[in-house]
Amino acid sequence: MNNKVSINNYSVESAGITKSYREAICELIWNGFDANASLINIVFKPNNIDYINEIQIIDNGTGIPFATLHQTFGSFLDSVKRESFSRSSYIRGKKGKGRFSFMALAMQAVWSTTFFDEQSKKMLDYDIIINAANKDIYKDSNRRISKRNKTGTIVTLSNLFGVSGYSFSCSAFLSYLKNEFGWFLLLNRSKDFKLCLNDSPVEYDDIIADNEVFHRIITDTQNIEYTFRITYVRWYEKIGDKFYYYFLNTAQKELFKQLTSFNNNAIGFYHSVYVESSFFDDFTPSDGVNAERLFGANLNSRVFKVLIKELQQIVADKQKSFVRSKGADKLIEHFDRKGVLPKYRNNKYEQEKRKDLMAVIKEIYCIQPKIFKGLNETQERTSVAFINLLLESDEREHILSILDDIVNLTREERENLAILLGKTSLNRITRTINLIENRFVTIELLKRMVFDLKQFTTERDHIQHAIAENYWLFGEQFHLVTANESFEKLLSKYLYILDGEGSGKMNAMTMKDREKNRRPDVFICRQRSIPDPFYQEEELEENIMVELKRPAVVIGKQQLRQIEDYMDFVSRQDAFNSQMRQWKFFVVSNRVDAYILKQYEEFKNRGKRFLVKSWGNLEIFAMTWDDIFRVFYTRHKYLLDKLDFDKEALKDELQSKGVVLTAATERNPFVACKNNA
């Protein structure tokens, strides 16, 4: 039987029907879910050249009762399905246009439906046919008693155009289905809802980064309790231009949506919140009424206002958790890449300052990401420099009051930031103790190498590697340039560090010196200038070079001559002979001979221990390993003295690590010994 749609053929074409085959398929899938389907299967069978004759959307819904056919198919723009599961702004099945979406990819659509007839108490079948050439005509045929015992509908699209098997098997189509239906399948996971492609379920877990279900009970002014099931979802990728709260009734039909207060934060916090409750069964999403309705509710209802506050708190907590675990690290990476963070030297003290700054930046970012967003590079540098300046001064606690003037901090936020900014006591003590403990371990290992295992220890294989990793032995202020490389490479790297990229390209003519391929063991340069002892208005650049000898070698005239060769080579290089550079050369082994002892006496009047040669801005020092270790103890005693403001915390922390402080060791902590018990 032919039936006329209540509108003409041209009007159907001009009514905004989708032209996207993906949207068309999704429209028909939503129709199935609207019909209470829990399983929908998209079936297509491409041939060897990827051609498909037809595609079917099969659901196990309630079917299309024949008695409602005139309402469902006969009324264009006035469908009985005014409410649907749809989430986005694209209208799905709300105004009777969904059934015409097939025209985006097919010339004909046939609905073969099975429904339970209440009058005859039987399962009945019939077909509905629409041709794209005559859109205003729909035909029902083949009415019969069904041989099936389950309801459902099969939509068959034939005479396809613009699509192939690949159109429905490609990853882009699969991703489209995941983004469109992932949230709905998640909400109905407990009901085992499924969407399949050729019998294979569409897995959507890979688009969901985080999800959690909350339950809230809110009481209205008449002491009626409403239970709200709140499903929070964070997506791996952006699923739309905005992020919403979606309000659903007990049938899971979307009644309306409302923007969350966390839009446009530019931190990759892609989220949606779905709220299900009987409260929305009789709800008018309009704020035109200034008081609560006598029957039902609207946006001004007390329950709804309390609900919104609960939702905002849930999303705020989730955003902070996301920023703390993901976003803050990305911000630091961005600052590092752009060079926004201050430059820190490569020693552990400077790196501790860096960690302190990054921890505070992360905490501020967690409290309010907008503080660091939308800034140009100059503003980013200024903000970070300002925070760093306060952290390095006695005003670090003022960051809290400054931030409190910008953002309304919660009590928890204030407490967390106050704790972080107040970590000048135990946390810094703990880090310093860990640093000292690690250095003690290093010293003990070096002692074992150069004293107990000296017959097996070599310069290049053992000592050099140990010193290259622990050059703090010669001063915290030094930066390692190279270890065991030729002078040509060594001096090139040196120029790079001092003057920047490009300066290190040595002219081959200046490096034809026969000494250029010699390899000093460790070369260290100082990045900051030091005062010139003779000209107060000038500053010098201090550099050190270390020659390490195996423990069996006794330092004497021959070893000293080798260092003099290094010194002579440096002085001959035009790029390195400035009087504004100071050079210190060290030679280290287990023992020195009588010649070196005489040199100590000769240069004793210079007031520099271990000095054996000096002229102009070049000096040579000869040291034993025992000298190195004693200097270490002297330097680190100062560190513990600086911690005297909290000796009890220091004592407790050391004891927790198995270091026993006796009355003697409290006066001199460096004689502390490990508790073997």
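Counting begins at 1 with the first residue of the sequence.
In this structure, Asn60 contributes its side chain and Gly152 its backbone to no donor-acceptor pair below 3.5 Å. Side-chain atoms of Arg302 come within 3.5 Å of backbone atoms of Thr219 as a donor-acceptor pair (strictly under, hydrogens ignored). Not a single donor-acceptor pair under 3.5 Å links the side chain of Thr151 to the backbone N or O of Thr114. Listed for the Gln313 side chain is no donor-acceptor partner under 3.5 Å among the backbone atoms of Glu310. No donor-acceptor distance shorter than 3.5 angstrom exists from the side chain of Asn131 to the backbone of Ala133, with no hydrogens or angles considered. Without hydrogens or angle criteria, Asn298 side chain to Thr284 main chain gives no donor-acceptor distance under 3.5 Å. Panel note: side chain Asn188, backbone Lys191; no donor-acceptor pair is recorded below 3.5 Å. Between the side chain of Thr382 and the backbone N or O of Thr378 there is at least one donor-acceptor pair closer than 3.5 Å. Between the Arg144 side chain and the Asn142 main chain, a donor and an acceptor come within less than 3.5 Å of each other.
Scanning for side chain to side chain contact (heavy atoms under 4.5 Å, CB included) contacts around Pro201 gives Cys196, Glu203, with sequence neighbours left out. For Tyr270, there are no ring-ring contact (aromatic ring centres under 6.0 Å, His included) partners at least two apart in sequence or on another chain. Residues satisfying the salt bridge (Lys or Arg N to Asp or Glu O under 4.0 Å) test with Arg143, not counting sequence neighbours, are Asp140. Applying the side-chain hydrogen bond (donor to acceptor under 3.5 Å, both in side chains) criterion to Asn159, with sequence neighbours excluded, gives no partner residue. Listed by chain and number, the residues in a side chain to side chain contact (heavy atoms under 4.5 Å, CB included) with Lys338 are His334, Val340, Glu377 (sequence neighbours excluded). Remark: Phe66 engages Tyr126 in a ring-ring contact (aromatic ring centres under 6.0 Å, His included) (not counting sequence neighbours). Residues forming a salt bridge (Lys or Arg N to Asp or Glu O under 4.0 Å) with Asp210 (at least two apart in sequence, or on another chain): Lys318. Take Glu54 and apply the salt bridge (Lys or Arg N to Asp or Glu O under 4.0 Å) test, not counting sequence neighbours, and it matches no residue. Residues satisfying the salt bridge (Lys or Arg N to Asp or Glu O under 4.0 Å) criterion with Glu380, sequence neighbours excluded, are absent altogether. For Asp192, the side chain to side chain contact (heavy atoms under 4.5 Å, CB included) partners at least two apart in sequence or on another chain are Lys194.
Atom CH2 of residue Trp183 and atom OH of residue Tyr204 lie 12.5 Å apart, to the nearest 0.5 angstrom. Summarising the geometry, atom OG belonging to Ser101 is positioned 14.0 Å from atom CH2 belonging to Trp30; distances are rounded to the nearest 0.5 Å. Here CD of Gln108 is found 11.0 Å from CG of Asn134. Values are rounded to the nearest 0.5 Å. Distance CE/Met107 to OG/Ser158: 10.0 Å, rounded to 0.5 Å. The distance from the CD1 atom of Ile55 to the CG atom of Leu157 is 6.5 Å, given to the nearest 0.5 Å. For the atom pair CD of Gln56 and OG1 of Thr156, the computed distance is 3.5 Å after rounding to the nearest 0.5 Å.
Between Val273 and Val315 there is a side-chain heavy-atom pair separated by less than 4.5 Å. For the pair Lys178 and Val202, the minimum side-chain heavy-atom distance is below 4.5 Å. Between Phe115 and Met123, the closest side-chain pair of non-hydrogen atoms is not below 4.5 Å. Contact annotation: the side chain of Arg229 never approaches that of Val275 to less than 4.5 Å [non-hydrogen atoms, C-beta and beyond]. Between Lys238 and Phe269, the closest side-chain pair of non-hydrogen atoms is not below 4.5 Å.
Checked against the 6.0 Å centroid threshold, Phe228 and Phe279 count as a close aromatic pair. Taking the centre of each ring, Phe184 and Phe193 come in below the 6.0 Å mark.
Ion pair Asp127/Lys139 not flagged as a salt bridge, since none of the NZ, NE, NH1 or NH2 atoms sits closer than 4.0 Å to an Asp/Glu carboxylate oxygen. Under 4.0 Å is where a charged nitrogen must lie from a carboxylate oxygen, and between Asp205 and Arg189 at least one such pair does.
In plain terms, the two heavy atoms of Glu23 and Tyr176 that are nearest each other are CG-OH, 3.1 Å. Across Gln258 and Phe247, no two heavy atoms sit closer than the pair CB-CE1, 3.9 Å. Scanning both residues, Leu160 and Asn53, for their nearest heavy atoms gives CG-O, 3.9 Å. Taking both residues in full, the closest heavy atoms of Asp281 and Asn249 are given as OD1-CB, 3.0 Å, listed atom of the first, atom of the second, then distance. A pairwise comparison of heavy atoms in Asn198 and Phe44 identifies OD1-N, 2.9 Å as the closest pair. Between Phe161 and Ala104, the closest heavy-atom pair is CE1-O, 3.6 Å.
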Report task. Output, in order, the C-alpha distance, side-chain angles, deciding distance and verdict of side-chain contact (heavy atoms from CB on, under 4.5 Å) for Leu331 and Ile361. Result -> CA-CA 9 Å; Leu331 178 71; Ile361 289 176; 3.9 Å; yes

Report task. Give the intermediate values and the outcome of side-chain contact (heavy atoms from CB on, under 4.5 Å) for residues Trp235 and Ser272. Result -> CA-CA 8 Å; Trp235 312 97; Ser272 301; 3.0 Å; yes

Query - Verdict with supporting geometry, Ile64 and Ile128, side-chain contact (heavy atoms from CB on, under 4.5 Å) - result: CA-CA 10 Å; Ile64 306 170; Ile128 307 164; 4.0 Å; yes

**Report entry** Trace of the salt bridge (charged side-chain N to carboxylate O under 4.0 Å, His left out) decision for Lys147 with Asp125
**Finding:** CA-CA 9 Å; Lys147 296 180 180 180; Asp125 291 342; over 6 Å; no

Query raised in the report: What do the steps show when you test Ile57 against Ile25 for side-chain contact (heavy atoms from CB on, under 4.5 Å), and what is the final call?
Result: CA-CA 8 Å; Ile57 297 94; Ile25 295 297; 4.1 Å; yes

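Around the CD1 atom of Ile224, the shell of radius 6.0 Å holds more than 12 heavy atoms that belong to other residues, nucleotides or ligands. The local environment of CZ in Phe214 is crowded, with over 12 non-hydrogen atoms from other residues, nucleotides or ligands closer than 6.0 Å.
In this structure, Lys257 forms no cation-pi arrangement with Tyr246, as its terminal cationic atom is not both closer than 6.0 Å to the ring centre and no more than 45° off the ring axis.
Taking the six-membered ring where the residue is Trp, Phe283 and Phe280 present perpendicular rings, their angle passing 60° and hence far from 30°.
For residues 101-119, the pairs satisfying salt bridge (charged side-chain N to carboxylate O under 4.0 Å, His left out) are Glu118-Lys121, with sequence neighbours left out.
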Could you go through residues 167-174 and list every donor-acceptor pair under 3.5 Å that involves a side-chain atom there, pairing it with any protein atom two or more places apart or in another chain?
residue: Ser167; atom: OG; partner: Ser164; partner atom: N; Å: 3.0
residue: Ser167; atom: OG; partner: Ser164; partner atom: O; Å: 3.4
residue: Ser169; atom: OG; partner: Gly165; partner atom: O; Å: 3.1

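Remark: the Thr227 side chain and the His215 side chain contain no N/O donor-acceptor pair separated by less than 3.5 Å.
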